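Everything on this sheet refers to the single structure shown next.
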Number of protein chains: 2
Amino acid sequence: MESSDWYDGSCDLVHTFNYICKKWRLPILWYLSQGNFRYYELKRQLYGITNIMLTRSLQDLESHGMIWRKQHSETPPHVEYGLTEQGNHIIPVLEVLEAWGEMQVEYEKRVDCN
Amino acid sequence: MESSDWYDGSCDLVHTFNYICKKWRLPILWYLSQGNFRYYELKRQLYGITNIMLTRSLQDLESHGMIWRKQHSETPPHVEYGLTEQGNHIIPVLEVLEAWGEMQVEYEKRVDCN
DNA sequence: CTGAATCCCATGCGATACTG
DNA sequence: CAGTATCGCATGGGATTCAG
(Lines give C-alpha, C1' and ligand atoms only; values in the text may rest on other atoms or scores of the structure.)
Protein backbone atom coordinates (compact mmCIF):
# COMPACT_ATOMS: atom_id res chain seq x y z
CA MET A 1 0.00 0.00 0.00
CA GLU A 2 1.46 3.34 -1.03
CA SER A 3 1.64 6.17 1.45
CA SER A 4 -0.10 8.48 -0.96
CA ASP A 5 -3.01 6.09 -1.35
CA TRP A 6 -4.74 6.57 1.98
CA TYR A 7 -7.33 8.89 0.66
CA ASP A 8 -7.22 8.78 -3.09
CA GLY A 9 -9.52 5.77 -3.00
CA SER A 10 -7.02 3.04 -3.65
CA CYS A 11 -6.79 1.93 -0.06
CA ASP A 12 -9.40 -0.79 0.22
CA LEU A 13 -9.45 -0.73 3.97
CA VAL A 14 -10.11 2.98 4.25
CA HIS A 15 -12.51 2.97 1.33
CA THR A 16 -14.81 0.22 2.55
CA PHE A 17 -14.47 1.20 6.18
CA ASN A 18 -16.58 4.23 5.37
CA TYR A 19 -19.51 1.92 4.63
CA ILE A 20 -19.72 0.89 8.26
CA CYS A 21 -18.27 3.98 9.88
CA LYS A 22 -21.60 5.68 10.44
CA LYS A 23 -23.69 5.96 13.52
CA TRP A 24 -26.26 3.18 12.95
CA ARG A 25 -24.40 0.85 10.60
CA LEU A 26 -22.90 -1.50 13.14
CA PRO A 27 -26.11 -1.98 15.14
CA ILE A 28 -28.07 -2.62 11.94
CA LEU A 29 -25.55 -5.11 10.63
CA TRP A 30 -25.32 -6.78 13.99
CA TYR A 31 -29.07 -7.28 14.07
CA LEU A 32 -29.23 -8.57 10.54
CA SER A 33 -26.47 -11.01 11.36
CA GLN A 34 -28.94 -12.61 13.75
CA GLY A 35 -31.63 -13.07 11.14
CA ASN A 36 -33.93 -11.32 8.73
CA PHE A 37 -36.17 -8.52 9.91
CA ARG A 38 -38.96 -6.31 8.75
CA TYR A 39 -38.56 -2.56 8.64
CA TYR A 40 -40.58 -1.88 11.73
CA GLU A 41 -38.89 -4.69 13.62
CA LEU A 42 -35.52 -3.12 12.98
CA LYS A 43 -36.84 0.25 13.97
CA ARG A 44 -38.18 -1.12 17.23
CA GLN A 45 -34.92 -2.84 18.09
CA LEU A 46 -32.73 0.11 17.14
CA TYR A 47 -33.97 2.23 19.97
CA GLY A 48 -33.91 5.90 19.08
CA ILE A 49 -33.43 5.63 15.34
CA THR A 50 -35.67 7.71 13.11
CA ASN A 51 -37.36 6.65 9.89
CA ILE A 52 -35.09 8.78 7.80
CA MET A 53 -31.91 7.42 9.32
CA LEU A 54 -33.05 3.82 9.12
CA THR A 55 -34.12 4.24 5.50
CA ARG A 56 -30.91 5.96 4.49
CA SER A 57 -28.76 3.38 6.23
CA LEU A 58 -30.61 0.45 4.69
CA GLN A 59 -30.47 1.95 1.21
CA ASP A 60 -26.79 2.63 1.54
CA LEU A 61 -25.95 -0.84 2.78
CA GLU A 62 -28.06 -2.29 -0.02
CA SER A 63 -26.28 -0.17 -2.63
CA HIS A 64 -23.02 -1.75 -1.50
CA GLY A 65 -24.43 -5.22 -1.83
CA MET A 66 -24.25 -5.97 1.87
CA ILE A 67 -27.97 -6.44 2.47
CA TRP A 68 -31.00 -7.37 0.41
CA ARG A 69 -34.50 -5.92 0.45
CA LYS A 70 -37.55 -8.00 -0.34
CA GLN A 71 -40.89 -6.32 -0.82
CA HIS A 72 -43.91 -8.59 -0.50
CA SER A 73 -46.91 -7.42 -2.49
CA GLU A 74 -49.42 -7.03 0.26
CA THR A 75 -51.52 -4.40 1.89
CA PRO A 76 -50.36 -3.15 4.28
CA PRO A 77 -46.80 -3.30 2.92
CA HIS A 78 -44.42 -5.98 4.12
CA VAL A 79 -40.71 -5.46 3.53
CA GLU A 80 -37.95 -7.70 4.76
CA TYR A 81 -34.22 -7.15 5.08
CA GLY A 82 -31.30 -9.49 5.52
CA LEU A 83 -27.59 -9.93 4.91
CA THR A 84 -26.54 -10.97 1.42
CA GLU A 85 -24.01 -13.71 0.86
CA GLN A 86 -21.45 -10.96 0.40
CA GLY A 87 -22.76 -9.19 3.47
CA ASN A 88 -22.08 -12.23 5.62
CA HIS A 89 -18.40 -11.45 5.30
CA ILE A 90 -18.94 -8.62 7.74
CA ILE A 91 -19.75 -11.02 10.56
CA PRO A 92 -16.14 -11.88 11.47
CA VAL A 93 -15.47 -8.15 11.52
CA LEU A 94 -18.29 -7.62 13.99
CA GLU A 95 -16.98 -10.41 16.18
CA VAL A 96 -13.43 -9.11 16.28
CA LEU A 97 -14.69 -5.60 16.83
CA GLU A 98 -16.84 -6.73 19.71
CA ALA A 99 -13.99 -8.65 21.30
CA TRP A 100 -11.76 -5.61 21.05
CA GLY A 101 -14.48 -3.30 22.34
CA GLU A 102 -14.99 -5.38 25.46
CA MET A 103 -11.27 -5.60 26.08
CA GLN A 104 -10.82 -1.88 25.62
CA VAL A 105 -13.69 -1.06 27.97
CA GLU A 106 -12.30 -3.42 30.60
CA TYR A 107 -8.98 -1.64 30.28
CA GLU A 108 -10.61 1.75 30.73
CA LYS A 109 -12.34 0.60 33.90
CA ARG A 110 -9.04 -0.51 35.39
CA VAL A 111 -7.31 2.73 34.45
CA ASP A 112 -10.09 4.93 35.79
CA CYS A 113 -9.77 3.22 39.18
CA ASN A 114 -6.25 4.55 39.65
CA MET B 1 -26.90 -6.57 24.96
CA GLU B 2 -30.13 -4.66 25.46
CA SER B 3 -31.83 -3.02 22.51
CA SER B 4 -31.98 0.25 24.36
CA ASP B 5 -28.25 0.22 25.00
CA TRP B 6 -26.95 1.02 21.54
CA TYR B 7 -26.39 4.63 22.27
CA ASP B 8 -26.64 5.16 25.96
CA GLY B 9 -23.00 4.18 26.25
CA SER B 10 -23.39 0.65 27.53
CA CYS B 11 -22.67 -1.02 24.23
CA ASP B 12 -18.94 -1.61 24.29
CA LEU B 13 -18.71 -2.21 20.58
CA VAL B 14 -20.40 1.03 19.61
CA HIS B 15 -18.65 2.98 22.33
CA THR B 16 -15.10 2.01 21.48
CA PHE B 17 -15.75 1.92 17.75
CA ASN B 18 -15.94 5.68 17.88
CA TYR B 19 -12.26 5.79 18.85
CA ILE B 20 -11.25 4.48 15.47
CA CYS B 21 -14.17 5.73 13.41
CA LYS B 22 -12.52 8.97 12.38
CA LYS B 23 -10.81 9.91 9.19
CA TRP B 24 -7.14 9.37 10.06
CA ARG B 25 -7.35 6.86 12.89
CA LEU B 26 -6.99 3.66 10.91
CA PRO B 27 -4.02 4.86 8.84
CA ILE B 28 -2.28 6.11 11.97
CA LEU B 29 -2.86 2.88 13.86
CA TRP B 30 -1.84 0.84 10.86
CA TYR B 31 1.45 2.70 10.64
CA LEU B 32 2.15 2.42 14.33
CA SER B 33 1.47 -1.29 14.13
CA GLN B 34 4.54 -1.47 11.90
CA GLY B 35 6.80 0.27 14.38
CA ASN B 36 7.43 3.45 16.30
CA PHE B 37 7.61 6.76 14.52
CA ARG B 38 8.42 10.37 15.10
CA TYR B 39 5.85 13.06 14.57
CA TYR B 40 7.24 14.27 11.29
CA GLU B 41 7.69 10.73 10.04
CA LEU B 42 4.02 10.02 10.59
CA LYS B 43 3.10 13.27 8.95
CA ARG B 44 5.17 12.43 5.90
CA GLN B 45 3.67 8.97 5.56
CA LEU B 46 0.11 10.12 6.11
CA TYR B 47 -0.01 12.01 2.88
CA GLY B 48 -2.32 15.00 3.10
CA ILE B 49 -2.78 15.17 6.86
CA THR B 50 -2.34 18.55 8.54
CA ASN B 51 -0.59 19.30 11.80
CA ILE B 52 -3.80 19.95 13.61
CA MET B 53 -5.41 16.70 12.54
CA LEU B 54 -2.34 14.63 13.31
CA THR B 55 -1.96 16.24 16.71
CA ARG B 56 -5.63 15.82 17.60
CA SER B 57 -5.65 12.22 16.47
CA LEU B 58 -2.53 11.32 18.39
CA GLN B 59 -3.74 13.01 21.55
CA ASP B 60 -7.07 11.28 21.33
CA LEU B 61 -5.56 7.85 20.77
CA GLU B 62 -3.18 8.49 23.66
CA SER B 63 -6.04 9.52 25.94
CA HIS B 64 -7.63 6.14 25.31
CA GLY B 65 -4.43 4.33 26.17
CA MET B 66 -3.90 2.99 22.70
CA ILE B 67 -0.61 4.76 21.95
CA TRP B 68 2.22 6.20 23.96
CA ARG B 69 4.14 9.44 23.46
CA LYS B 70 7.77 9.83 24.40
CA GLN B 71 9.40 13.21 24.39
CA HIS B 72 13.16 13.25 24.28
CA SER B 73 14.72 16.32 25.86
CA GLU B 74 16.60 17.67 22.93
CA THR B 75 16.75 20.73 20.78
CA PRO B 76 15.23 20.56 18.29
CA PRO B 77 12.42 18.50 19.84
CA HIS B 78 12.27 14.79 19.26
CA VAL B 79 8.98 13.01 19.97
CA GLU B 80 8.22 9.39 19.32
CA TYR B 81 4.94 7.49 19.14
CA GLY B 82 4.05 3.83 19.27
CA LEU B 83 1.32 1.36 20.18
CA THR B 84 0.92 0.55 23.86
CA GLU B 85 0.49 -3.00 25.05
CA GLN B 86 -3.22 -2.32 25.18
CA GLY B 87 -3.08 -0.69 21.78
CA ASN B 88 -1.66 -3.85 20.25
CA HIS B 89 -5.09 -5.40 20.65
CA ILE B 90 -6.21 -3.31 17.70
CA ILE B 91 -3.94 -5.21 15.32
CA PRO B 92 -6.25 -8.20 14.79
CA VAL B 93 -9.01 -5.70 14.12
CA LEU B 94 -6.93 -4.03 11.44
CA GLU B 95 -6.17 -7.37 9.86
CA VAL B 96 -9.77 -8.51 9.74
CA LEU B 97 -10.85 -5.12 8.50
CA GLU B 98 -8.26 -5.24 5.74
CA ALA B 99 -9.30 -8.73 4.69
CA TRP B 100 -12.92 -7.66 4.54
CA GLY B 101 -12.07 -4.45 2.69
CA GLU B 102 -10.22 -6.33 -0.03
CA MET B 103 -13.01 -8.85 -0.37
CA GLN B 104 -15.62 -6.13 -0.57
CA VAL B 105 -13.70 -4.18 -3.19
CA GLU B 106 -13.23 -7.33 -5.25
CA TYR B 107 -16.96 -7.89 -5.07
CA GLU B 108 -17.66 -4.35 -6.22
CA LYS B 109 -15.42 -4.79 -9.23
CA ARG B 110 -17.28 -7.91 -10.27
CA VAL B 111 -20.67 -6.28 -9.82
CA ASP B 112 -19.73 -3.15 -11.73
CA CYS B 113 -18.72 -5.28 -14.72
CA ASN B 114 -22.29 -6.50 -15.20
C1' DC C 1 10.81 19.73 14.76
C1' DT C 2 6.48 19.52 17.14
C1' DG C 3 3.00 21.37 18.01
C1' DA C 4 -1.42 25.00 19.38
C1' DA C 5 -5.22 28.71 18.26
C1' DT C 6 -8.67 30.45 15.20
C1' DC C 7 -11.90 30.39 12.11
C1' DC C 8 -14.70 28.36 8.47
C1' DC C 9 -16.91 24.87 5.66
C1' DA C 10 -18.70 20.25 4.53
C1' DT C 11 -21.15 16.55 6.24
C1' DG C 12 -23.75 13.66 9.33
C1' DC C 13 -27.60 13.53 11.98
C1' DG C 14 -32.21 14.17 13.18
C1' DA C 15 -36.89 16.67 14.30
C1' DT C 16 -40.97 17.33 11.99
C1' DA C 17 -44.33 16.73 8.75
C1' DC C 18 -46.29 14.22 4.98
C1' DT C 19 -47.59 9.92 1.75
C1' DG C 20 -49.46 5.51 -0.50
C1' DC D 1 -46.63 -0.58 7.46
C1' DA D 2 -42.89 1.47 5.16
C1' DG D 3 -41.26 4.91 3.77
C1' DT D 4 -39.98 10.40 1.71
C1' DA D 5 -39.19 15.71 1.85
C1' DT D 6 -37.49 19.66 4.21
C1' DC D 7 -34.94 22.15 7.02
C1' DG D 8 -31.66 23.13 10.65
C1' DC D 9 -28.27 21.99 14.14
C1' DA D 10 -24.07 19.67 15.79
C1' DT D 11 -19.82 17.82 14.71
C1' DG D 12 -15.74 16.67 12.19
C1' DG D 13 -12.29 18.19 9.09
C1' DG D 14 -9.09 21.42 7.55
C1' DA D 15 -6.68 26.04 5.91
C1' DT D 16 -4.14 29.36 7.95
C1' DT D 17 -1.35 31.43 11.22
C1' DC D 18 1.62 31.52 15.11
C1' DA D 19 5.02 29.51 18.74
C1' DG D 20 8.64 27.18 21.74
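Note that these values count all heavy atoms, side chains included, but never hydrogens, waters or copies made by symmetry. These numbers come from a predicted model, not from an experiment. Below, chains carry the letters A, B, ... as their sequence lines are ordered, and counting in each starts from 1.
Residue Tyr81(A) has a polar side-chain atom (N or O) positioned under 4.0 Å from OP1 or OP2 of dG3(D).
What separates CD of Glu74(A) from P of dA2(D) is a distance of 10 Å, to the nearest Å. Straight-line distance from the OH atom of Tyr39(B) to the P atom of dG20(D): 17 Å, rounded to whole Å. Put simply, CD on Gln71(A) is 8 Å from C1' on dA2(D), counting in whole angstrom units.
Ile28(A) approaches Ser57(A) most closely through the heavy-atom pair CD1-CB, 3.5 Å.
Looking at residues two or more places apart in sequence or on another chain, you find no side chain to side chain donor-acceptor pair (under 3.5 Å) involving Gln34(B). Residues passing the side chain to side chain donor-acceptor pair (under 3.5 Å) test with Tyr39(B) are Asn51(B), Thr55(B), sequence neighbours excluded. Considering only residues two or more places apart in sequence or on other chains, Phe37(B) meets the ring pair (Phe, Tyr, Trp, His ring centres under 6.0 Å) condition with Tyr31(B). Tyr19(A) meets the side chain to side chain donor-acceptor pair (under 3.5 Å) test with His15(A), Glu108(B); sequence neighbours excluded. Checked against ring pair (Phe, Tyr, Trp, His ring centres under 6.0 Å), His78(B) has the following partners two or more places apart in sequence or in another chain: His72(B). Partners of Arg56(B) under the side chain to side chain donor-acceptor pair (under 3.5 Å) rule, at least two apart in sequence or in another chain, do not exist in this structure.
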Verdict with reasoning, Met66(B) to Gln104(A), per side chain to side chain contact (heavy atoms under 4.5 Å, CB included) = CA-CA 9 Å; Met66(B) 298 177 66; Gln104(A) 181 67 24; 4.1 Å; yes

Exercise. In sequence, state the C-alpha distance, the side-chain angles, and the governing distance for Tyr81(A) and Asn36(A), and then conclude on side chain to side chain contact (heavy atoms under 4.5 Å, CB included).
Key: CA-CA 6 Å; Tyr81(A) 293 93; Asn36(A) 303 334; over 6 Å; no

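Across all strands, Gln59(B) comes closer than 4.0 Å only to sugar-phosphate atoms, never to a base (heavy-atom distances).
Only Arg69(A), listed by number, bring a heavy atom of residues 61-70 of chain A to less than 4.0 angstrom from any atom of DNA chain D.
Screening residues 57-79 of chain A for salt bridge (Lys or Arg N to Asp or Glu O under 4.0 Å) gives Arg25(A)-Asp60(A) as the qualifying pairs, with residues at least two apart or on separate chains. Within the structure, no pair that satisfies the salt bridge (Lys or Arg N to Asp or Glu O under 4.0 Å) test touches residues 75-95 of chain A, not counting sequence neighbours.
On the nucleic acid side, DNA chain C contacts chain A at distances under 4.0 Å to non-hydrogen atoms, with the end points of that region at dG12(C) to dG20(C).
At its two ends the helix from dC1(C)-dG20(D) to dG20(C)-dC1(D) runs along axes set 50° apart, each axis drawn from five pairs and the angle rounded to 10°.
Note on Ile91(A) and Leu42(A): same hydrophobic cluster, where clusters join Ile, Leu, Val, Met, Phe, Trp and Tyr whose side-chain heavy atoms are under 4.5 Å apart, directly or indirectly. Both Leu94(A) and Val96(A) belong to a single network of hydrophobic side chains, linked directly or stepwise wherever heavy atoms of I, L, V, M, F, W or Y lie under 4.5 Å apart.
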Readout for nucleotides 11-18 of chain D: B = base within 4.0 Å of protein heavy atom, S = sugar-phosphate only, - = neither; 5' to 3' it is -SBBB---

